[in-house]
Amino acid sequence: MLRVDVITIFPGLFGPFLEEAFVEIARRRGVLEVAVHNLRDWTVDRHRTVDDAPYGGGPGMVLKPEPLVAAIEALAGEKGGARRARVILFSPQGGRLDQHRVATLARAPHLVLVCGRYEGIDQRVIEIAVDEEISIGDYVLSGGELPAMALIEAMTRLLPGVLGNPESTCTESFEGGLLEGPHYTRPASFRGRSVPEVLRSGDHAAVARWRADAARKTTRDRRPDLPSGRDTEDAAGKPPKRREREEQ
Ligand code: 4GX
């Protein structure tokens, strides 16, 4: 059972996300529990103020520390103490999220996800209350809400009993650092393009070899930076041809 608490100033963004598809299934099966909290609930002033101008000047606003630390400590306890929850802040300054990190976090009992907005959050919140900063990629979003949903969705697929067929978790992209090759469904011919003959042959071993080879080629051509994207031999034991790089 994975418990996730989300702290955001836009709780409404999470509604449909939590009520559809695998995330909804996981919640109904009791392997995932997500609670979304409005940061403004931890303000004490009449205007429910969550932000303030940055010291030193400059554009934009910064999330002020008092409500954020109060929210995090209410949901996770104090850092260092007997805290069982891991507190994660989404920010471009964080370590890049990958499948290995997702799998590790999916095994945690309790995560508190902090979604920043504006120019960011007061640095002292990070020092006092955050365990880990995560980025979902080198592009600029307006808040941590989409990163939180990306992490929740990626973890959900790994929770026990969520995907009908556990095999589909391990053959999919990035397990073993391998991308997938192409997929086809009916019709056998579409706009003059036919499905590769081997996939319709009924020869399961030949299909498995073709898929492994296609995955290897896709990874080498598109993501040579992945572990399985470096030069490897094909299923027949032949070394890769230079020409393969220009094929796709
Ligand atoms: N992967 N953003 C967070 C505000 C902010 C800035 C600093 C805390 C600290 C992003 C990303 C991302 C934009 C979300 C800035 N909050 N987060 N936001 N890419 O671009 O995770």
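Note that ligands are numbered from 1 as they come in the structure, with each ligand's atoms numbered from 1 the same way. For reference, positions follow the sequence shown, starting with 1.
- Regarding atom 1 (N) of ligand 1, its nearest protein heavy-atom neighbour is I136 N, 2.9 Å.
- The atoms of ligand 1 that sit less than 4.0 Å from any heavy atom of I134 are 21 (O).
- Heavy atoms of other residues, nucleotides or ligands lying less than 6.0 angstrom from CD of E78 number 12 at most.
- Around atom CZ of R211, no more than 12 heavy atoms belonging to other residues, nucleotides or ligands sit under 6.0 Å away.
- Note: the hydrophobic cluster containing M1 does not contain F22 (ILVMFWY, side chain heavy atoms under 4.5 Å, direct or indirect links).
- Every N/O-N/O distance between P147 and ligand 1 stays at or above 3.5 Å.
- Between I7 and N38, every side-chain heavy-atom pair lies at or beyond the 4.5 Å cut-off.
- Here D51 does not pair with R117 in a salt bridge; the nearest charged N to carboxylate O distance is not below 4.0 Å.
- Within 6.0 Å of atom NE2 in H183, more than 12 heavy atoms from other residues, nucleotides or ligands are found, so the atom counts as buried in its surroundings.
- Atoms of ligand 1 lying under 4.0 Å from any heavy atom of Y118, numbered from 1 in the order shown and given with element: 4 (C).
- Heavy-atom contacts of G143 reach the following atoms of ligand 1: 3 (C), 14 (C) (cutoff under 4.0 Å).
- Counting the atoms of ligand 1 from 1 in the order shown, those under 4.0 Å from a heavy atom of V140 are 20 (O).
- Protein heavy atom closest to atom 17 (N) of ligand 1, with residue, atom name and distance, is S91 N, 3.5 Å.
- Looking at R157 and E153, no side-chain N of the basic residue comes within less than 4.0 Å of a carboxylate O on the acidic one, giving no salt bridge.
- Regarding atom 3 (C) of ligand 1, its nearest protein heavy-atom neighbour is F90 O, 3.6 Å.
- Of the polar atoms of G137, at least one N or O is found under 3.5 Å from an N or O of ligand 1, judged by distance alone.
- When only interatomic distances are considered, the shortest N/O to N/O separation between L141 and ligand 1 falls below 3.5 Å.
- For atom 5 (C) of ligand 1, the nearest protein heavy atom (residue, atom name, distance) is G120 CA, 3.5 Å.
- Less than 4.0 angstrom separates some heavy atom of E119 from each of these atoms of ligand 1: 6 (C).
- Tracing side-chain contacts under 4.5 Å through hydrophobic residues (I, L, V, M, F, W, Y), one reaches L159 starting from I152; they form part of the same cluster.
- In terms of protein heavy-atom proximity, atom 16 (N) of ligand 1 is closest to G116 CA, 3.5 Å.
- For ligand 1, the atoms lying closer than 4.0 Å to a non-hydrogen atom of Y139 are 19 (N), 20 (O).
- A donor-acceptor pair under 3.5 Å is formed between the side chain of T104 and the backbone N or O of H100.
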